[in-house]
Structures are given as structure tokens and as C-alpha cells.
Amino acid sequence: MEHNHLYLDTARLGRMSRRAQHAHVDLSRLAGEEAGSVFFERFLVEGSRDWCSTLRCRYPGLECWQGVAPLKEGLRALAGSTPTLPVLMVNRLSQLMRFAARLLFHPCRNVLVTDLGWPPYHEILDSEARRAGRAVTTARLKTWILEGKATEDEVIDVIRRRFLEADCDGLFLTSVSHLGIRLPVERLVRALEDIRKVRLVVVDGAQHFCHVAADLSNEYCDLYLAGSHKWLQGFHPMGLGFYGRQRSRATIETVLKHLLASGELDDPLLRFTTQLETAVLDGVTETVNVFPLFTCQGAVAEALESSVAPPPHLGARQQNLAKAAELAESCGWRPVQATSPFASGILLLEAERESTRGVPAQHLRRSFAANGIALTAYDGGLIRLSMPGEEWQPAEIEQLRMALHAVA
């Protein structure tokens, strides 16, 4: 990758942060010298707190690793989560979503979703509903919001009426959709709780965590799903599940214990991190890729040390979005974006030329890559750009202008 490549794609992976890179490199060196030694095992459990100055100088990228519990403390700080509530860490994000679906239909008969969610997650939810003999009800908002015809009060009213009409008692909400639409999730939950008992709330925060400031301390959801590899910039995929309320902790742990015991929830990192946190390694778990733990710790340390209040304030991303949208309109692209208060730091652009709209998504993405821009592309001439948290530099704006013009 060339040095001047502009990375605007967090749909898949965020660009690996500086401290995550250092952790990755030094863990590779340590693994090459120590592998599965007793020293390495002790380091996994206890971290570098007792290292001598020689080891600290030799592996500076690993100095921030102090064990699983401190990593979870840092993650809770970034999520605004209550310090006493657990955090789950998994290798397989699909397993975490399957757990969330099983958890929802443990007490709920009918779960309300919107059409803003990630389709594979909704497929998992639908599958679990069929298995449990329960129902999923959808509130359709996407087109309405993208056309700029909805207000926050109207959206809440539509969801409230759909919730009551379908006799729903659970919620699965996407706080920021993959197309950049931001829902007022907390306000929405409170509005529903005012009129009816809501048994359980799960929030998909994959595009929300470290993009929009989260505050789980208000206890508006029971489980919040996120990842370390997108806006946090830990790069190696790792799913995160934040408990959201004290009142549902016992229920979550009961369902989790049952699924682990039955083997229905089979994630090696989840089991391994539980052992690391309790300092009891039984030596019989499946071989685990531990790199996500260390790159996540590096990314967390960098986010917490940032001169910008962690995570980068949404306002900075939206200022960049406004500049990019204005630029795009003079380069053959039409902004397709949710207006305030549904806007996020994700910009959608649609090609104005019919011929460009007929270009397959992969071809479109490669064309931008050839012009130094990494982004997400969809069929129909639609592209998705994730805004940086720091102000555009003149050279970056010029690079984006040239790429948009060339590909249009």
C-alpha cells in the first residue's frame, strides 16, 4: 500500500492504530522466541507489570498489556459502561449474535427490529425465532430517513405504534446502520418503556462503538454488541458484548452458562479469556488466536490517551462529512445521507451517471483503490466513506476530489 493511500473504509476493518501495530509486531517477536513457554503463559495472565527494564526495552509494544481484566476496564471506559458489569470477548462474531438471539427469545415472544440492521444478523435472529416458535416484527425506516422526510419524534412514534400493534415485548436495534443512519436508541427505549414492559433490549453497536460517543451507564439496554476491529482500530476481528443493566445480569449469565455447557456457544476466545481473568489455565482449551487481545489493548490505550476525548467527537467527523459531500457534488456524485439527528460520520454517495451506476460494486471499489482511496462500494453506483476523526488536510481533500472525478 502506498504511503498516500486514503483509508475511508470501516465497513470491514478500521485502519490499524499505531499502538495496535506496535503490539502486533512485538507479540510476533515474543512468540517467535517464547511461543508456548511457561514465561509466555505467565505473561498472558499477569502482563508486563513485573518485567525488568531489559524486557520492557526489548518489547515496548507489549508494555500496555496487564492482563484481561485491565483490558476490559479500558473497553468499559470507552463504552461508558458501569465498572461492575461484565464484558464478553469472542473470536467469532456470529457466535455472539447467536447468543444475543437466544438471549432475546429466552423471555420475549415478539422482538421488534428495524430495516436498518445488518442482514446477516437479522438472518440469525429470524432463524432463532423459528426455532423457538417466536416472532420478529420489522419497522421500516430506511427509505423514509434517507429521503430526509422523517423527524426524530415521527420515527419514535412509528416504532411505538408498530411495537403496540404487533404486541412486541423485546427489541433488537442498530444504533448506527452500515449505511450511516443513527437511531436515537436510548430515547426510543425510554419511550417504549413508558407505555409497556420491554422484557429485553439488545443493541448492535458495531458501527457505533468509538464512532459515536456511547454511554451505557444510563442502563438503557441489556446487551450491547460491538467489535474491536472497526472504529477502535484494533484490526484483528474480535467481538465484544457489554452487559448493559444490573437487572438482567443474572438472566444473561444463566443463558450464557447453559449455552457454554451444552456446546451451543462454542467460542475458544470466550473460554480462554475467562480462564485468563481467573488466572486458571486448564491446558485443554482449543488453540486460540490471542493477537486480537493485544492489538485491541494497543488500540484501547491509544484511544484513552488521545488528545481528542475518546472516542473522537462525532462533530469532527460530521464537519469532514460536510466538506466531502460538498466536494462530491462537483465531481459527479450525489450525497445520499441522513439529515440531523440521524446523521453519523458515514457518507453515502451515488453516482450521477447512469453508466457508472451500472458498474459492479467490486469493480467500483477497485477503481477507487487504483486512485488511492479505500472505501466500501455497493451495486447501483453507491459508495460509502467513513470520515476520519481529525480535520481533513488539504492534500487529502485534493486526493479525494481527484479520485471522485476520475471514477465518476
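Side chains are part of it too, since the values below use all heavy atoms of this structure and drop only hydrogens, waters and symmetry mates. Just so it is clear, the structure is predicted and the values come from calculations on it, not from any experiment.
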Peer 1: Can a donor-acceptor pair be found, under 3.5 Å and without considering hydrogens, that links the side chain of R134 to the backbone of C108?
Peer 2: yes
Peer 1: Does R317 reach the main-chain N or O of M387 with its side chain, forming a donor-acceptor pair under 3.5 Å?
Peer 2: yes
Peer 1: What do the steps show when you test W65 against V68 for side chain to side chain contact (heavy atoms under 4.5 Å, CB included), and what is the final call?
Peer 2: CA-CA 8 Å; W65 177 258; V68 169; 4.2 Å; yes
Peer 1: Salt bridge check, R58 against E33: does any charged N sit closer than 4.0 Å to a carboxylate O?
Peer 2: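 A salt bridge is present here (some side-chain N lies under 4.0 Å from a carboxylate O).
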Peer 1: Please walk me through it: do R160 and D194 pass salt bridge (Lys or Arg N to Asp or Glu O under 4.0 Å)?
Peer 2: CA-CA 10 Å; R160 183 193 292 114; D194 284 344; over 6 Å; no
Peer 1: Less than 4.5 Å apart, any side-chain heavy atom of R140 and any of T114?
Peer 2: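 SC-SC contact between R140 and T114 ruled out.
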Peer 1: Would D153 and R187 pass as an ion pair if we require N to O under 4.0 Å?
Peer 2: yes
Peer 1: Between T82 and L85, is there a donor-acceptor pair closer than 3.5 Å when you use the side chain of the first and the backbone of the second?
Peer 2: no
Peer 1: Would a 4.5 Å heavy-atom cut-off, applied to side chains only, mark H258 and E264 as touching?
Peer 2: yes
Peer 1: Let me confirm one number: the CD-CD distance from E63 to Q297, rounded to the nearest 0.5 Å.
Peer 2: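 If we round to the nearest 0.5 Å, E63:CD and Q297:CD are 11.5 Å apart.
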Peer 1: Give a yes or no on whether a salt bridge exists between E73 and R76, defined as a side-chain N under 4.0 angstrom from a carboxylate O.
Peer 2: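 No.
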Peer 1: Output the distance between atom CG (L62) and atom CZ (R29), rounded to the nearest 0.5 Å.
Peer 2: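 Output value for this atom pair is 8.5 Å.
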Peer 1: Counting C-beta onward and ignoring hydrogens, is there a side-chain heavy-atom pair between T10 and Q207 closer than 4.5 Å?
Peer 2: yes
Peer 1: Output yes when R102 and E128 qualify as a salt bridge under the 4.0 Å nitrogen-oxygen rule, no when they do not.
Peer 2: yes
Peer 1: Please check if the distance between the ring centroids of Y224 and Y243 is under 6.0 Å.
Peer 2: no
Peer 1: Any carboxylate oxygen within less than 4.0 angstrom of a Lys/Arg side-chain nitrogen, looking at D267 and R271?
Peer 2: no
Peer 1: If every non-hydrogen atom of N91 is compared with every non-hydrogen atom of P268, which pair is closest and at what distance?
Peer 2: OD1-CG, 3.9 Å
Peer 1: What verdict does the salt bridge (Lys or Arg N to Asp or Glu O under 4.0 Å) test give for R130 and D126, after you've listed the backbone C-alpha separation in whole Å, the side-chain angles of each residue and the deciding distance to 0.1 Å?
Peer 2: CA-CA 6 Å; R130 289 191 297 270; D126 289 340; 5.2 Å; no
Peer 1: Quick test of your reading of the model: are E193 and R245 salt-bridged, counting only N-O distances below 4.0 Å?
Peer 2: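 R245 and E193: salt-bridged.
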Peer 1: To the nearest 0.5 Å, how far apart are CE in M238 and CG in L96?
Peer 2: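 Reported to 0.5 Å precision, the distance equals 11.0 Å.
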Peer 1: Check whether W392 reaches the backbone of K323 with its side chain - one donor and one acceptor, N or O, closer than 3.5 Å.
Peer 2: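 No; judged by distance alone, with no hydrogens or angles, the pair does not exist.
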Peer 1: For the pair K149 (side chain) and W144 (backbone), establish whether a donor and an acceptor sit closer than 3.5 Å, ignoring hydrogens and angles.
Peer 2: no
Peer 1: Pair E186, N218 - check side-chain hydrogen bond (donor to acceptor under 3.5 Å, both in side chains), show working.
Peer 2: CA-CA 9 Å; E186 182 177 352; N218 290 335; 3.3 Å; yes
Peer 1: Do H211 side-chain atoms and G345 backbone N/O form a donor-acceptor pair below 3.5 Å?
Peer 2: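 It does hold such a pair.
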Peer 1: Evaluate the side-chain proximity of L240 to L75: yes if any heavy-atom separation is below 4.5 Å, no if none is.
Peer 2: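 The answer is yes; the side chains approach within 4.5 Å.
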Peer 1: Side chains of V155 and L183: does their closest heavy-atom pair fall under 4.5 Å?
Peer 2: yes
Peer 1: Please indicate whether R357 has more than 12 foreign heavy atoms, meaning atoms of other residues, nucleotides or ligands, lying under 6.0 Å from its CZ.
Peer 2: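 Enclosed.
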Peer 1: If every non-hydrogen atom of G241 is compared with every non-hydrogen atom of L223, which pair is closest and at what distance?
Peer 2: C-CD1, 4.2 Å
Peer 1: Say whether, by atom type as modelled, one donor and one acceptor occur between the side chain of N371 and the main chain of A403 under 3.5 angstrom.
Peer 2: no
Peer 1: Just how far is it from atom CD1 of I159 to atom CG of L112, taken to the nearest 0.5 Å?
Peer 2: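 Rounded to the nearest 0.5 Å, the CD1-CG separation comes out at 6.5 Å.
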Peer 1: Please check: side-chain N/O of T174 versus main-chain N/O of V176, any donor-acceptor pairing under 3.5 Å?
Peer 2: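 Not at all, since once roles are kept as given, no pair shorter than 3.5 Å links the two residues.
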Peer 1: Once rounded to the nearest 0.5 Å, what's the spacing between atom CG of L265 and atom CG of L260?
Peer 2: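 Rounded to the nearest 0.5 Å, the CG-CG separation comes to 5.0 Å.
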Peer 1: Specify the closest pair of heavy atoms between A325 and L347, including all atoms of both residues, with the distance to one decimal.
Peer 2: N-CD2, 3.9 Å
Peer 1: Quick one, C296 with L71, criterion side chain to side chain contact (heavy atoms under 4.5 Å, CB included). Give me CA distance, side-chain angles, the key distance, then yes/no.
Peer 2: CA-CA 8 Å; C296 178; L71 170 57; 3.9 Å; yes
Peer 1: Please confirm whether the backbone N or O of P388 pairs with a side-chain atom of N320, one donor and one acceptor, at under 3.5 Å?
Peer 2: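 Side chain of N320 to backbone of P388, a donor-acceptor pair under 3.5 Å: yes, one is there.
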Peer 1: Atom CZ of residue position F368 - does it have more than 12 heavy atoms of other residues, nucleotides or ligands inside 6.0 Å?
Peer 2: yes
Peer 1: Using side chain to side chain contact (heavy atoms under 4.5 Å, CB included), reason through T376 and I383 one step at a time and then give a plain yes or no.
Peer 2: CA-CA 6 Å; T376 307; I383 59 174; over 6 Å; no
Peer 1: Tell me whether D222 contacts the main-chain N or O of S248 through its side chain, where contact means a donor paired with an acceptor under 3.5 Å.
Peer 2: no
Peer 1: Can a salt bridge be assigned to the pair E253 and K257 using a cut-off of 4.0 Å between side-chain N and carboxylate O?
Peer 2: no
Peer 1: Check whether any side-chain heavy atom of L385 sits under 4.5 Å from a side-chain heavy atom of I346, and report yes or no.
Peer 2: no
Peer 1: So do V90 and L269 actually touch side chain to side chain, heavy atoms under 4.5 Å?
Peer 2: no
Peer 1: How close do L44 and F272 get, counting heavy atoms only, and between which atoms?
Peer 2: CD1-CZ, 3.9 Å
Peer 1: Heavy-atom count around R190 CZ within 6.0 Å, excluding the residue itself: above 12?
Peer 2: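 It does: R190 CZ has more than 12 such atoms within range.
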Peer 1: Are L349 and L382 close enough, and set up right, to give a side chain to side chain contact (heavy atoms under 4.5 Å, CB included), and what steps lead you there?
Peer 2: CA-CA 6 Å; L349 299 174; L382 196 66; over 6 Å; no
Peer 1: Does CD belonging to E391 count more than 12 external heavy atoms closer than 6.0 Å?
Peer 2: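 Not more than 12 within 6.0 Å, no.
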Peer 1: So that I can tick it off, tell me whether E398 and R401 are bridged by a salt bridge, with the cut-off set at under 4.0 angstrom between side-chain N and carboxylate O.
Peer 2: yes
Peer 1: For a salt bridge (Lys or Arg N to Asp or Glu O under 4.0 Å) check, start with the C-alpha distance between R19 and E305, then their side-chain angles and the critical distance, and finish with the verdict.
Peer 2: CA-CA 11 Å; R19 291 198 63 172; E305 290 175 0; 2.7 Å; yes
Peer 1: Closest approach of L314 and S344, non-hydrogen atoms and distance?
Peer 2: CD1-C, 3.9 Å
Peer 1: Looking at E350 and R334, does any basic side-chain N land under 4.0 Å from a carboxylate oxygen?
Peer 2: yes
Peer 1: State, without any angle test, whether T137 and E165 hold a side-chain donor-acceptor pair at a distance under 3.5 Å.
Peer 2: no
Peer 1: Which pair of non-hydrogen atoms, one from Q66 and one from S48, has the smallest distance, and what is that distance?
Peer 2: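 Minimum heavy-atom separation between Q66 and S48: NE2-OG, 3.2 Å.
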Peer 1: Would you say the ring centroid of F43 lies under 6.0 angstrom from that of F294?
Peer 2: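 Under 6.0 Å, so yes.
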Peer 1: Going from CG on L400 to CG on L6, what distance comes out if it is rounded to the nearest 0.5 angstrom?
Peer 2: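 One gets 6.5 Å once the value is rounded to the nearest 0.5 Å.
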Peer 1: Strictly below 4.0 Å, N to O, side chains only: are E219 and R247 in salt-bridge contact?
Peer 2: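 No.
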Peer 1: Under a 4.0 Å N-O cut-off, is there an ion pair linking K142 with D115?
Peer 2: no
Peer 1: Do NZ/NE/NH1/NH2 and the carboxylate oxygens of R365 and D9 come within less than 4.0 Å?
Peer 2: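 So R365 pairs with D9 through a salt bridge.
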Peer 1: How about R182 and S175: do any of their side-chain heavy atoms sit closer than 4.5 Å?
Peer 2: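 No - every pair of side-chain heavy atoms lies 4.5 Å or more apart.
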Peer 1: Is it the case that the ring center of W118 lies less than 6.0 angstrom away from the ring center of F172?
Peer 2: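 No: the rings miss the under 6.0 Å criterion.
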